[in-house]
Amino acid sequence: QVQLVESGGGLAQAGGSLRLTCAAYGRTFSGSAMGWLRHAPGKERTFVATISGSGGSTFYAESVKGRITISRDDAKSMVYLEMTSLKPEDTAVYYCAARPVSYTEQRPSRYAYWGQGTQVTVSS
């Protein structure tokens with residue numbers, strides 16, 4: 001079992017930055033692919049970014065590419081999402097998710113473990 005706890009969300013102005021953090025507890029974190037996904041009001045949960053178990057491979061949704069960076073620190077069992085040039089359409093609840101394999105994944109249904117989410121609100 002893996003427990004994921006997100007933090008770092010909040011209110012930001014358009015053009016601003018936020019850093020989300022995900023702390024992982026439980027089974028071995030190293031080697032597990034991790035992802036960030038978001039759920040905006042009235043929309044389905046969508047993929048944002050993913051990083052492989054080794055940290056050597058990352059993949060981003062087109063809507064955030066160039067503005068958002070995912071990274072991990074296996075020594076601390078942490079995953080980060082650096083968000084810059086924020087837009088109002090980035091407003092959503094952001095979820096950290098994990099899967100017990102090493103390769104990246106865009107499909108939300110392929111993640112086995114989820115955090116409780118952290119709200120990000122971007123004002124115009």
Side-chain angles (χ1 to χ4, degrees):
Q1 189 73 12
V2 175
Q3 288 184 313
L4 304 171
V5 180
E6 303 96 334
S7 61
L11 179 64
Q13 290 189 330
S17 301
L18 282 174
R19 186 195 198 204
L20 305 185
T21 299
C22 173
Y25 304 92
R27 72 183 297 273
T28 302
F29 171 78
S30 178
S32 297
M34 302 295 295
W36 285 95
L37 303 99
R38 65 187 181 187
H39 192 183
K43 298 184 179 180
E44 295 184 349
R45 192 173 295 188
T46 58
F47 164 77
V48 177
T50 179
I51 186 167
S52 64
S54 68
S57 179
T58 58
F59 193 79
Y60 299 92
E62 283 299 321
S63 60
V64 305
K65 198 173 291 185
R67 301 188 296 117
I68 287 181
T69 303
I70 187 172
S71 62
R72 63 189 296 157
D73 184 339
D74 285 1
K76 296 180 179 179
S77 295
M78 302 283 273
V79 180
Y80 306 99
L81 192 71
E82 299 277 358
M83 303 192 294
T84 63
S85 301
L86 285 165
K87 303 176 181 180
E89 50 263 43
D90 292 321
T91 295
V93 177
Y94 283 72
Y95 295 91
C96 174
R99 55 197 309 260
V101 294
S102 64
Y103 51 91
T104 58
E105 176 61 60
Q106 298 180 62
R107 292 168 288 185
S109 62
R110 297 299 179 133
Y111 286 89
Y113 306 102
W114 292 78
Q116 81 288 349
T118 185
Q119 177 71 47
V120 170
T121 302
V122 183
S123 62
S124 57

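Just so you know, these numbers use all the heavy atoms, side chains as well, and skip hydrogens, waters and symmetry mates.
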Open item on the list: Run the side chain to side chain contact (heavy atoms under 4.5 Å, CB included) test on Phe47 and Phe59 for me, step by step, so that the C-alpha distance in whole Å, both residues' side-chain angles and the decisive distance to 0.1 Å come before the verdict.
Closed with: CA-CA 10 Å; Phe47 164 77; Phe59 193 79; 3.8 Å; yes
Is it the case that over 12 heavy atoms from other parts of the model lie below 6.0 angstrom from the [atom1] atom of [X]?
| X | atom1 | value |
| --- | --- | --- |
| Gln116 | CD | yes |
| Gln3 | CD | no |
| Lys65 | NZ | yes |

Task: Test item: side-chain donor near acceptor, Arg99 and Tyr111, under 3.5 Å - done: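 No, no side-chain donor-acceptor pair sits under 3.5 Å.
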[atom1]/[X] to [atom2]/[Y] distance, rounded to the nearest 0.5 angstrom?
| X | Y | atom1 | atom2 | result |
| --- | --- | --- | --- | --- |
| Glu6 | Tyr94 | CD | OH | 12.5 Å |
| Ser7 | Met78 | OG | CE | 6.5 Å |
| Thr46 | Trp36 | OG1 | CH2 | 14.0 Å |
| Tyr113 | Leu4 | OH | CG | 9.5 Å |

Locate the shortest heavy-atom distance separating [X] from [Y]; write the atom from each residue and the value.
| X | Y | result |
| --- | --- | --- |
| Val64 | Val48 | CG2-O, 3.6 Å |
| Leu18 | Gly8 | CD2-O, 4.0 Å |
| Ser124 | Ala14 | CA-CB, 4.2 Å |
| Ile70 | Gly35 | CD1-CA, 4.5 Å |
| Arg45 | Pro108 | O-CG, 3.8 Å |
| Ala49 | Leu81 | CB-CD1, 4.1 Å |

Task: Option from Ser32, Ser71, Cys22 for which side-chain contact (heavy atoms from CB on, under 4.5 Å) with Val79 holds - done: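 Going through the options one by one, the only one that passes is Cys22.
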Task: Criterion side chain to side chain contact (heavy atoms under 4.5 Å, CB included) on Tyr95 and His39, from CA distance to verdict - done: CA-CA 8 Å; Tyr95 295 91; His39 192 183; 3.9 Å; yes
Taking side chain as C-beta onward, heavy atoms only, is [X] less than 4.5 Å from [Y]?
| X | Y | result |
| --- | --- | --- |
| Met34 | Thr50 | no |
| Arg67 | Asp90 | yes |
| Thr104 | Thr58 | no |
| Tyr25 | Val2 | no |

Open item on the list: Please check this pair: side chain of Arg72 against backbone of Ser52, looking for a donor-acceptor N/O pair closer than 3.5 Å.
Closed with: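 Flag set: sc Arg72 to bb Ser52 pair under 3.5 Å.
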TODO: Before accepting this row, confirm whether a basic side-chain N of the pair Glu105/Arg110 lies closer than 4.0 Å to the acidic partner's carboxylate O.
DONE: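 Salt bridge: no.
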- [ ] Walk me through it: do Thr84 and Ile68 pass the test side chain to side chain contact (heavy atoms under 4.5 Å, CB included)?
- [x] CA-CA 6 Å; Thr84 63; Ile68 287 181; over 6 Å; no
Open item on the list: Would a single hydrophobic cluster contain both Leu37 and Ile51, if residues Ile, Leu, Val, Met, Phe, Trp and Tyr are joined by side-chain heavy-atom contacts under 4.5 Å?
Closed with: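 Cluster IDs for Ile51 and Leu37 differ.
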Open item on the list: With side chain to side chain contact (heavy atoms under 4.5 Å, CB included) as the criterion, how do Arg38 and Val93 come out once you've worked through the C-alpha distance, each side chain's angles and the decisive distance to 0.1 Å?
Closed with: CA-CA 5 Å; Arg38 65 187 181 187; Val93 177; over 6 Å; no
